[in-house]
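Following: one structure in structure tokens, then a few remarks.
Source: prediction; values computed, not measured. Lettering follows sequence order; numbering is per chain, from 1.
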Protein chains: 2
Amino acid sequence: MFNEQSATVSEPNSGTEKRLLEAAGEIFAEYGYRAATVRQICEKAGANIAAVNYHFGDKEGLYMAVLRSVPDAHAEKYPADYGPGTAPEQKLSAYIQSLLHRVFDEGRPGWHTKIMAREMIEPTRALDTLVEEIARPFHQELASITRELLDSAATEEAVRLCTLSILSQCVYYHHARSVLSRLYPKRKYGPNDIPRLAEHITAFSLAALKEFAQQNGGISE
Amino acid sequence: MFNEQSATVSEPNSGTEKRLLEAAGEIFAEYGYRAATVRQICEKAGANIAAVNYHFGDKEGLYMAVLRSVPDAHAEKYPADYGPGTAPEQKLSAYIQSLLHRVFDEGRPGWHTKIMAREMIEPTRALDTLVEEIARPFHQELASITRELLDSAATEEAVRLCTLSILSQCVYYHHARSVLSRLYPKRKYGPNDIPRLAEHITAFSLAALKEFAQQNGGISE
DNA sequence: ACTCGATTCAAACATATGTTTAATGAACAA
DNA sequence: TTGTTCATTAAACATATGTTTGAATCGAGT
């Protein structure tokens with residue numbers, strides 16, 4: 001068995017573990033679990049090839065550790081800081097802006113988004129954890145905002161569909177960025193466009209929700 | 001060099017090529033270019049391992065041939081059949097339904113959607129071809145509908161953003177299906193839900209577009 | 001029946017990659 | 001000092017996978 005202690009309990013090691021996690025985060029996010037190689041990761045971390053197996057058992061152990069190691073670096077970096085008395089319209093705007101920042105972030109919090117995007121297409125055993133710890137609270141937060149904006153008589157299913165409609169618009173610019181950059185080479189759809197995109201998505205979604213609210217919860221079946 | 005003739009010109013071969021293309025389409029769509037193995041493909045096609053290299057040069061040649069071999073099997077299977085006099089609202093509805101069918105299709109036309117989804121996350125050299133031959137006409141078709149629904153004074157950029165907003169909702173249920181099935185295990189979001197999803201997306205998008213049209217083209221900057 | 005090109009086949013080859021192993025070093029306690 | 005434990009290292013190992021090779025097989029034309 002490998003050194004399981006140091007993976008969970010922080011110890012005064014020589015930092016190899018930390019460097020390994022850091023390097024693995026970048027590599028996994030950029031190349032995906034399968035395409036990323038332990039040699040690549042170890043080289044970037046300045047560690048020996050056997051370091052991964054020694055510290056994390058195997059490649060999958062390292063992957064899981066990476067996901068566990070970032071208990072959500074995003075929330076503190078791009079907080080959707082609305083108070084309890086804020087109007088739901090402003091909450092939505094803040095939420096969308098925050099999510100777009102997260103989506104376009106290239107640094108550490110960006111890992112989660114990129115890795116999640118890959119897990120969607122090519123799920124690994126880590127997906128269950130990711131869904132429960134990250135996706136579900138994220139969905140629920142937006143769902144509560146949507147519920148406020150819809151009529152109180154709105155079905156849970158209507159709330160859910162609208163939530164997904166809003167969410168999909170935000171993540172699309174990340175998912176489809178390789179296609180968009182080829183379709184519209186002049187428009188970059190990069191981090192600089194966040195304000196413009198956020199404004200559009202917010203207006204688009206608010207308009208739809210307002211209309212639905214007037215219709216008493218929209219397509220309640 | 002390999003037998004390049006038979007890859008382009010149809011000849012009375014013993015069908016190995018055709019079976020190879022068929023098998024490769026499924027495997028590539030399911031596992032992605034990288035994870036798919038030529039042994040897997042050859043086994044499914046009932047061909048020898050060397051068949052791929054003989055008929056297509058290498059694995060990438062087979063991949064390209066697969067993409068080239070389906071000049072769009074979808075259009076004939078799920079036509080968005082609206083005439084020239086149709087109201088734009090109905091065009092949008094038909095377009096969304098058609099796209100959802102395409103997205104959820106498991107058979108041959110479904111290849112394109114699945115492969116495109118993978119190319120978005122992990123682009124190969126085939127992406128440029130895919131974008132020009134498939135994504136661009138598809139985007140433009142929806143853009144023309146959006147343009148009709150928006151005010152005539154709408155910016156091209158506004159049209160583009162709204163088009164992407166609509167498109168994103170449709171593809172999201174495919175992209176995120178692994179996450180959605182875990183988030184809401186009771187709701188399947190499978191082929192059976194196409195009518196419901198289409199109705200929601202159409203209503204959501206139409207409501208937003210109507211509002212934008214009243215505002216004279218929405219967020220024209 | 002024979003020939004020749006195209007096709008198929010089993011086997012080998014080369015490489016990439018995750019993993020293991022045995023040796024070495026470093027820090028520290030007895 | 002000596003011995004023990006943890007960490008690191010280079011090398012080897014096992015496997016998977018794309019590709020190549022040379023022989024065998026098939027089919028059409030003469």
Side-chain angles (χ1 to χ4, degrees), chain A residues 1-28 30-66 118 122 124-126, chain B residues 1-28 30-66 118 122 124-126:
Chain A
M1 204 49 188
F2 64 99
N3 180 8
E4 204 167 344
Q5 310 290 350
S6 47
T8 55
V9 185
S10 62
E11 289 181 14
N13 286 336
S14 63
T16 307
E17 250 182 62
K18 202 161 303 217
R19 286 196 325 263
L20 229 37
L21 283 173
E22 192 78 18
E26 289 189 40
I27 303 288
F28 280 137
E30 186 168 356
Y31 298 96
Y33 173 73
R34 183 161 188 142
T37 74
V38 301
R39 281 175 173 81
Q40 201 180 3
I41 293 171
C42 288
E43 190 187 13
K44 192 180 190 80
N48 186 272
I49 315 179
V52 166
N53 302 79
Y54 179 76
H55 288 282
F56 302 97
D58 56 5
K59 186 183 177 184
E60 186 175 332
L62 174 59
Y63 187 61
M64 296 294 191
V66 165
R118 290 193 171 276
E122 203 166 48
T124 73
R125 265 180 294 217
Chain B
M1 205 45 189
F2 64 100
N3 180 7
E4 204 167 345
Q5 309 291 350
S6 49
T8 56
V9 185
S10 61
E11 289 180 15
N13 285 336
S14 64
T16 308
E17 249 181 64
K18 202 159 304 215
R19 276 179 295 129
L20 230 38
L21 283 173
E22 193 78 17
E26 289 189 40
I27 303 287
F28 280 137
E30 186 168 355
Y31 298 96
Y33 173 72
R34 184 160 189 143
T37 73
V38 301
R39 280 175 174 80
Q40 201 180 3
I41 292 171
C42 288
E43 190 187 14
K44 192 180 191 80
N48 187 272
I49 315 178
V52 166
N53 302 78
Y54 178 77
H55 288 283
F56 302 98
D58 55 6
K59 186 183 177 184
E60 187 175 332
L62 174 60
Y63 186 62
M64 296 295 191
V66 165
R118 291 193 171 274
E122 204 167 47
T124 74
R125 264 179 295 214

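- A:Lys44 places no side-chain N or O within donor-acceptor distance of the main-chain N or O of A:Glu22, the cut-off being under 3.5 Å.
- Considering every non-hydrogen atom in both A:Ile41 and A:Leu20, the closest pair reads CG2-O, 4.1 Å.
- Checking side-chain atoms of A:Lys59 against main-chain N and O of A:Tyr33 turns up a donor-acceptor pair under 3.5 Å.
- Between A:Glu122 and B:Arg118 there is a salt bridge, with a side-chain nitrogen of the basic residue lying less than 4.0 Å from a carboxylate oxygen of the acidic one.
- Classification of the A:Phe28-A:Tyr63 ring pair by plane angle, with boundaries at 30° and 60°, yields perpendicular.
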Nucleic acid footprint by protein, nucleotides 15-21 of chain C - heavy-atom cut-off 4.0 Å, B for base, S for sugar-phosphate alone: --BBBBB
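- Using a 4.0 Å cut-off, some side-chain N or O of B:Thr16 falls inside it from OP1 or OP2 of C:dT8.
- The phosphate of D:dC6 (OP1 or OP2) has no side-chain N or O of A:His55 nearer than 4.0 angstrom.
- Near DNA chain D, meaning a heavy atom under 4.0 Å away, there are no residues from residues 18-25 of chain A.
- Sparse packing is recorded around CZ of B:Arg34, with 12 or fewer heavy atoms of other residues, nucleotides or ligands lying under 6.0 Å away.
- With sequence neighbours left out, B:Glu30 forms a salt bridge (charged side-chain N to carboxylate O under 4.0 Å, His left out) with no residue at all.
- More than 12 non-hydrogen atoms from other residues, nucleotides or ligands lie less than 6.0 angstrom from CD of B:Glu60.
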